[in-house]
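A, B, ... follow the sequence lines: proteins, then strands. Residue 1 opens every chain.
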Protein chains: 2
Amino acid sequence: MNKYYEIYEDLKAKILNNEYRELLPSENQLTEIYGVTRNTIRRAIDLLASDGFVVSKKGKGVFVLENRSVEFAISGLESFREVMIRTGEKFKTDVAEFGAMIADEQLAKQSGFTPGTVLTHIKRVRSLQNERIILDVNYFVEQLIPGLTKEVAEQSIYTFIEQELNIEIGIAKKSIVIERATEMDYQYLDMLDFDLVVVVHNFVYLQDGVLFEYTQSRHRPDRFIFTDIARR
Amino acid sequence: MNKYYEIYEDLKAKILNNEYRELLPSENQLTEIYGVTRNTIRRAIDLLASDGFVVSKKGKGVFVLENRSVEFAISGLESFREVMIRTGEKFKTDVAEFGAMIADEQLAKQSGFTPGTVLTHIKRVRSLQNERIILDVNYFVEQLIPGLTKEVAEQSIYTFIEQELNIEIGIAKKSIVIERATEMDYQYLDMLDFDLVVVVHNFVYLQDGVLFEYTQSRHRPDRFIFTDIARR
DNA sequence: GAGTGGTCTAGACCACCGG
DNA sequence: CGGTGGTCTAGACCACTCG
């Protein structure tokens, strides 16, 4: 593994272990401790900072943040759905719909796909403790992600894409908005008395910059959480 | 200004101007174009990547993303409130409450402040086109942010902190959840027929790692949007 | 003035990609 | 194989902080 990543993990462990409290050792001291150059140390510290563990201040040092609450410590930016999928927390997935379709004008406008693109369209219901709380509506470009099956959709599509197809994901753009619940939401989710859903729009790009997935994650409002850490 | 930042802005302009489409020039070519080292070029490209403009692929090059929608292109991570404040878009701010208070057990638990901390407590209503759509509930540590007044709160508290007090902000942790509207929400916001609010919890730290602000931004659901770009 | 983090240079080796 | 981006080194100068 990379040196800077190993150092990052080591520093993170020491911080969580309260070995480093107020201040980290200076970058120069750390170069001696780990036997690497300052650049490598700085990359490790950058990772810590983007995780919200530390903040650097010119002329003073690298400060360890107080009150590192657990939820935030876990990761930089995740929706409830992603946390659940990552931790595999008693999550039940039902594939409600699976098939091919062609992007029409409206979907093209919403997703950014070119009209006429052949898509694999999937609807999946995520349940937690027998409550259906998230509806994932996926659109994958068939040409870019071939071989998708209902069986794959029941497991992890991303494992399939990355492990089986050996395709690497570039970046994902998200937007979060609140929408009135639709017929579809009432049909697939246990909405209780809610009439709104939290919709996370996901636009996912391959490493060569091509949009290959557009997904709506539709959450029941009470089971939604999204966390983030922003650096100045 | 920094070299890497200037190069970042230049490259961004060229991308938006369609001078670079599929691929950027290679990093080695860019070093010659700008007369800097590869490290500096790479820092500029890193910024472009975290803005969601490009994705790098080993052995191939730096790809420009297709479908760069406007909202995303503006910035990495912003809530509606922040966009409005940044653009100054016909935003009216009313200070509904202003005063000192002491953190009790419950607030301490929620915010992370030590119980007994003296706080400046502010409630502000943000209106757009005569609709009251956001309620900001602020708690600032009085000792760290002294001299706050109602007049400051009517303008920009952050301008005051950064310009007048010359204090630098470190990082901010946010979480977004949906809550039932409270009496307070109905009192201060034009809720129409909504009974839920989007609550953005903000924990803001100084550069020395000390928590100095806890704020709830309570949004009417239909006027909330949050965007983000995540790199793999 | 000594120590800190922020920027930048010049150069090296590597893994990956394509012809 | 040559070209690409990813990592890392060794060293320099700067702005900032604090005694």
Side-chain angles (χ1 to χ4, degrees), chain A residues 1-11 20 22-50 53-65 162 165-171 205-210 231-232, chain B residues 1-11 20 22-50 53-65 162 165-171 205-210 231-232:
Chain A
M1 189 45 71
N2 305 327
K3 287 187 185 180
Y4 74 92
Y5 197 81
E6 281 181 11
I7 294 169
Y8 154 71
E9 294 207 310
D10 193 59
L11 289 175
Y20 294 142
E22 285 268 314
L23 275 170
L24 291 192
S26 77
E27 295 182 350
N28 279 319
Q29 288 172 321
L30 289 172
T31 61
E32 288 174 14
I33 292 174
Y34 291 101
V36 298
T37 48
R38 241 186 95 206
N39 254 321
T40 307
I41 294 295
R42 302 193 90 249
R43 296 193 64 177
I45 291 174
D46 267 357
L47 287 185
L48 287 173
S50 58
F53 282 99
V54 300
V55 176
S56 300
K57 186 154 191 180
K58 199 190 300 193
K60 301 193 79 172
V62 179
F63 291 83
V64 178
L65 291 204
E162 289 176 332
L165 297 183
N166 223 4
I167 291 175
E168 283 177 276
I169 280 78
I171 71 166
Y205 296 78
L206 297 177
Q207 284 198 335
D208 60 359
V210 178
R231 304 163 67 177
R232 293 275 159 169
Chain B
M1 189 46 71
N2 306 326
K3 287 187 185 178
Y4 75 91
Y5 197 82
E6 282 181 10
I7 294 169
Y8 154 71
E9 294 207 309
D10 193 60
L11 288 174
Y20 294 142
E22 284 269 314
L23 274 170
L24 291 192
S26 77
E27 294 182 351
N28 280 319
Q29 288 173 320
L30 289 172
T31 62
E32 288 174 13
I33 293 174
Y34 290 101
V36 296
T37 47
R38 241 186 95 205
N39 254 320
T40 307
I41 294 296
R42 302 194 89 247
R43 297 194 62 178
I45 290 174
D46 268 356
L47 287 185
L48 287 173
S50 58
F53 281 99
V54 300
V55 175
S56 299
K57 186 153 193 181
K58 200 190 301 193
K60 301 193 77 171
V62 179
F63 291 83
V64 177
L65 292 203
E162 289 175 334
L165 298 183
N166 223 5
I167 291 174
E168 284 177 275
I169 280 80
I171 72 165
Y205 296 78
L206 297 178
Q207 284 199 334
D208 60 0
V210 179
R231 304 164 66 179
R232 293 278 159 167

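- One distance of note links CG of B/D208 with CG of A/L23; it measures 9.0 Å at 0.5 Å rounding.
- D/dT17 atom P lies 12 Å from atom CG of B/D208, rounded to whole Å.
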Within the sub-3.5 Å range, which N or O atoms of nucleotides 17-19 of chain C have a protein N or O partner, and how far apart are they?
residue : atom : partner : partner atom : Å
C/dG18  : OP1  : B/K60   : NZ           : 3.0

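- For B/T40 and C/dC8, the shortest distance from a side-chain N or O to OP1 or OP2 is not below 4.0 Å.
- Residue whose closest nucleotide on DNA chain D sits further toward the 5' end, between B/V62 and A/M1: B/V62.
- Side-chain proximity of A/R43 to D/dT9, C/dT7, D/dT7: nearest is D/dT7.
- For A/F63, there are no ring pair (Phe, Tyr, Trp, His ring centres under 6.0 Å) partners at least two apart in sequence or on another chain.
- Rounded to whole Å, the distance from CG on B/N2 to C1' on C/dG5 is 13 Å.
- In this model, the phosphate group of D/dC8 is not approached by any side-chain N or O of A/Y4 to a distance below 4.0 Å at OP1 or OP2.
- When all heavy atoms of A/L30 and A/I45 are compared, the pair lying nearest together is CD1-CD1, 4.2 Å.
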I'd like a table of atom pairs between the protein and nucleotides 10-13 of chain D - only N or O on both sides, under 3.5 Å - with the distance next to each one.
residue : atom : partner : partner atom : Å
D/dA10  : N6   : A/N39   : ND2          : 3.4

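- The side-chain contact (heavy atoms from CB on, under 4.5 Å) search around A/I167 returns A/I145, A/I161, A/L165, A/L206, not counting sequence neighbours.
- In terms of the ring pair (Phe, Tyr, Trp, His ring centres under 6.0 Å) criterion, A/Y4 has no residue partners (sequence neighbours excluded).
- Nearest approach of B/A44 to B/I7, heavy atoms of both residues: CB-CG2, 3.7 Å.
- Rounded to whole Å, the distance from CD1 on B/I41 to P on C/dT7 is 16 Å.
- For the salt bridge (charged side-chain N to carboxylate O under 4.0 Å, His left out) condition, the pairs that include at least one residue of residues 28-40 of chain B, sequence neighbours left out, are B/E27-B/R38.
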Q: Please test B/V64 against B/L24 for side-chain contact (heavy atoms from CB on, under 4.5 Å), starting from the C-alpha separation and ending with a verdict.
A: CA-CA 7 Å; B/V64 177; B/L24 291 192; 4.0 Å; yes

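- One atom, OH of A/Y34, and another, P of D/dC8, lie 14 Å apart when rounded to the nearest Å.
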(Q) What verdict does the side-chain contact (heavy atoms from CB on, under 4.5 Å) test give for B/F53 and B/L11, after you've listed the backbone C-alpha separation in whole Å, the side-chain angles of each residue and the deciding distance to 0.1 Å? (A) CA-CA 10 Å; B/F53 281 99; B/L11 288 174; over 6 Å; no

